[in-house]
Amino acid sequence: NYSFFICVICEICGKKMPTKIKTTCPYCGVGCGVTVDKLAANTEATTVKPDADHPANGGKLGGVLCSKGSALGDTLQLGDRLLHPQINGQQASWDDALNRVAGEFKKAIDEHGPESVAFYVSGQLLTEDYYVANKLMKGYIGAANIDTNSRLCMSSAVAGHKRAFGSDTVPGCYEDFELAQLTVLVGANTAWCHPILFKRIQDARKNNGGQLIAIDPRRSPTAAQADLHLPIKPGTDVLLFNGLLVWLDNHKALDYGYLQQYCNGFTDTLAQARSDAPTLQSVADGCDVDIDLIERFYRAFETTKKTITLFSMGVNQSSQGTDKVNAIINCHLATGRVGVPGASPFSMTGQPNAMGGREVGGLANMLAAHMDFDQAERVQTFWDSPTIAGKPGLKAVELFEKIESGDIKAVWIMATNPAVSLPNVNQVRRALESCEFVAVSDCIAHTDTMKYADVALPAAGWGEKDGTVTNSERRISRQRAFLPQAGESRSDWWIISQVAQRMGYEQGFDYQSAAEVFNEHARLSAFENFGARDFDIGGLAGLSEVGYDSMQPVQWPLTERMEKKSISGTKRLFGQGKFFTPDRRGNLIPVAAAKPANAVNTEYPLTLNTGRLRDHWHTMTRTGKSARLAGHRVEPMLTLHPEDALQFGLRDAHIADVESQWGKATVRVELSKDQRRGEVFLPIHWTDQYSGSAIAGKVVNPAVDAQSGQPEFKHTPVKVSPATMQWHAFVLSRKALDVSGYRYWTKVTGAQHNRYELAGDQALSDTPSWAKALLEVDGELLEYSDPSSDSYRAALITDDQLQAVLVIAKRPTDLPSRDWLSKLFAEDEIAAADRSTLLLAEPPDPAADVGPIVCSCFAVGRNTIQQAITEKGLKTAAEVGGCLKAGTNCGSCVGEIEGLLASTVSQAV
Ligand code: SF4
């Protein structure tokens with residue numbers, strides 16, 4: 001039984017009051033349940049705990065959250081919240097702001113037609129918000145120019161599903177992770193990006209001895225823990241899976257009965273696969289992987305009926321993303337491994353509500369409730385709306401191109417940061433700069449996108465709003481408010497409804513609550529459905545406010561009435577066919593291997609791959625506020641193979657420029673043999689708020705998949721060169737500093753201080769004066785300088801409290817560790833012993849320097865782990881966990897611990 005909250009009886013009025021609120025993590029598509037003590041919740045110190053009853057992270061897992069979910073309470077401070085509406089940067093009333101947005105949109109529509117306006121929305125929105133935005137654009141404005149940042153993460157999966165199944169359906173469920181004997185991970189660093197799913201996989205491997213195979217150009221922390229890693233050349237997934245289909249047919253390992261009974265397209269698909277991948281050697285050559293590795297993968301797939309293939313951004317973010325998805329699904333359809341216990345293709349969605357957005361038509365090429373434009377009349381009838389979009393609208397990349405060309409006159413951006421997250425960000429910024437009217441709804445006051453807002457609309461944040469989200473296994477969960485809405489912020493569905501009413505659409509947008517919106521959404525899903533459409537949650541229609549409040553996590557489709565608590569929806573689809581194509585048969589799709597859109601060349605000889613880090617989320621608007629999360633990776637690092645570094649004159653820990661024909665970033669270098677030669681990796685998180693010039697999106701090419709419109713974030717030709725610096729420095733400061741203007745700077749949140757990393761290409765003529773000016777100090781600093789080595793160190797202590805530490809050196813490798821110094825800012829008063837070694841940057845007791853954080857859940861640093869390995873002779877990650885607890889919660893750091901075990905042992909040898 002899933003109880004949504006625990007009540008106490010109010011001593012004054014005798015009514016039941018909920019204390020423990022159950023809600024859902026707002027980060028990734030795993031969709032973990034969390035609990036919060038409402039009575040103790042506040043913006044400074046809310047404790048967020050795992051919900052042991054939630055199917056995503058409870059059950060056999062016993063209730064666990066990853067490092068990001070565990071640190072949610074750190075991210076609720078109001079410091080940088082947008083608390084009031086603003087017009088042209090000035091505080092305004094809601095009335096004025098809403099009227100202005102409605103007026104500008106109406107003016108553009110009246111003068112230039114409905115195609116001249118656009119919404120760019122987000123997988124961070126709740127389903128109810130998404131539903132209302134889509135209804136306004138498609139049913140009332142009458143265009144389909146609403147697209148979502150989910151376009152960037154899973155639209156290729158959507159397109160692939162629709163081609164194969166006739167519907168955007170994930171056939172399997174998380175339980176399959178435990179039942180599978182073979183898990184194939186394609187283009188997915190699951191240990192970092194979907195940690196709780198990876199924990200399921202790892203637990204299952206321990207329990208049932210199953211195998212894990214990782215397919216990824218990088219030896220990612222996930223690949224490092226796999227039984228077999230295929231470091232394929234980027235973009236060769238179609239070839240690999242075409243080769244697998246050929247192998248399976250050659251070895252009579254296909255399910256010909258399932259194919260005959262339930263599928264179309266096998267003959268043509270196999271013929272195309274044979275033409276692409278005639279031999280094992282041709283696959284090995286094309287993928288640039290040892291033939292033995294390919295054969296081991298193929299044999300494992302052939303002989304393991306219970307195989308689940310999980311895929312994510314490495315597949316989707318490609319100019320052949322849709323074909324890659326279908327190449328995977330082809331192999332599953334051909335083996336009958338679709339939607340049966342322990343066997344399925346499975347798309348892991350990036351965002352918490354990417355799936356919810358798909359359900360309501362948040363993508364420009366879909367209508368609401370998984371309907372296509374050929375069903376526009378049905379949607380219009382249900383909405384009783386004045387019009388309906390008759391054709392697909394502009395997808396994300398082309399939408400911003402049309403803004404720059406002036407075709408789009410007014411755009412409303414909701415809960416996303418396209419000035420960082422889209423490819424070809426310089427073009428996006430030009431577009432926003434030139435657009436006649438830009439409205440931005442967000443909960444954060446200062447984002448790179450907010451700079452372009454004519455009107456800023458304060459949206460309620462996580463913990464302040466009510467609604468639903470859908471995770472990767474089609475499970476709809478409630479997000480529930482446990483805090484009052486900050487300042488004047490409001491739920492997005494309310495903001496959109498208010499603008500709609502001011503545009504003259506009172507009749508369709510008089511919602512009083514999120515529950516009302518959800519009800520309408522549920523009714524539409526069932527409207528004239530009769531089993532013809534996959535998305536049907538008619539069983540949830542008609543829920544009362546109380547029923548909505550107490551809704552348990554359920555998987556769609558769900559057509560039975562929800563009154564019975566035991567109803568939890570549909571676990572799997574298509575095990576017995578019944579696809580949503582016109583003839584109800586699944587489609588194998590012939591897909592041909594192709595090269596990425598832009599090939600490397602002599603000017604841009606390296607391939608840039610981009611992706612996420614473990615402890616950050618998107619553009620860091622939330623995770624950047626948490627010191628424990630920020631401590632895992634403190635700077636934007638360009639990771640490349642040591643031999644490439646040698647060839648291009650780059651040195652470890654030095655600064656480099658990475659440049660494509662679309663733009664440039666300046667970042668720190670990290671050498672790693674986990675990168676293939678010729679390929680470099682850059683994280684996507686850094687923005688102008690946290691760095692001088694480290695936005696990966698500025699470098700990424702705008703090539704997109706022709707079917708899905710998803711950008712090719714995983715393959716951009718680039719060149720790299722050393723950025724020659726005269727000095728390198730770090731500053732730890734309680735006070736925020738202005739560090740803009742340096743050739744290289746980054747900022748990271750520490751406990752009661754900020755940490756800045758700086759480097760300059762101009763020599764400093766008078767370092768002490770420069771230091772005082774930077775730290776804004778009139779009085780004396782504690783100082784140490786060694787002109788012979790160009791090093792200088794200073795500290796500022798007032799009233800026995802450490803205020804700032806600054807260290808400059810000629811080379812970055814001459815700078816001391818920051819980890820112990822950072823800890824001193826948590827103290828109200830600096831101890832005499834610590835003061836004595838402050839400028840040495842070494843603690844009186846060496847054990848006090850734990851080093852960079854490896855395990856965020858238990859704040860265990862690298863030095864502590866290395867010391868324990870050496871002194872106690874620890875041999876395995878389990879032994880490290882037993883000794884230090886590191887890696888025993890979510891497990892997302894186990895790969896790093898294993899790396900430390902390997903390097904510490906090899907050093908000892
Ligand atoms: Fe949140 Fe982590 Fe669960 Fe994703 S895996 S939903 S980030 S707790």
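Each ligand, and each atom within it, is numbered from 1 in the order the structure gives. In this chain, numbering begins with 1 at the start of the sequence shown. Owing to the predicted nature of the structure, the values given are computational and were not obtained by experimental measurement.
Taking the six-membered ring where the residue is Trp, the centroids of F346 and F177 are separated by under 6.0 Å.
A donor-acceptor contact shorter than 3.5 Å is absent between the side chain of H521 and the backbone of V517.
Taking the six-membered ring for Trp and thresholds of 30 and 60 degrees, F482 and W462 have ring planes more than 60 degrees apart, a perpendicular arrangement.
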With a 3.5 Å cut-off and sequence neighbours excluded, list the donor-acceptor pairs that the side chains of residues 891-899 form with protein atoms.
{"from": "E896", "atom 1": "OE1", "to": "H632", "atom 2": "NE2", "distance (Å)": "2.9"}
{"from": "E896", "atom 1": "OE2", "to": "R614", "atom 2": "NH1", "distance (Å)": "3.0"}
{"from": "E896", "atom 1": "OE2", "to": "H632", "atom 2": "NE2", "distance (Å)": "3.1"}

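Looking at residues two or more places apart in sequence or on another chain, you find no ring-ring contact (aromatic ring centres under 6.0 Å, His included) involving W493. With sequence neighbours left out, the salt bridge (Lys or Arg N to Asp or Glu O under 4.0 Å) criterion links R622 to no other residue.
Only protein N, O or S atoms were considered, and those under 2.8 Å from atom 2 (Fe) of ligand 1 are C66 SG.
Close contacts of ligand 1 with G31, meaning ligand atoms under 4.0 Å from a residue heavy atom, involve 6 (S).
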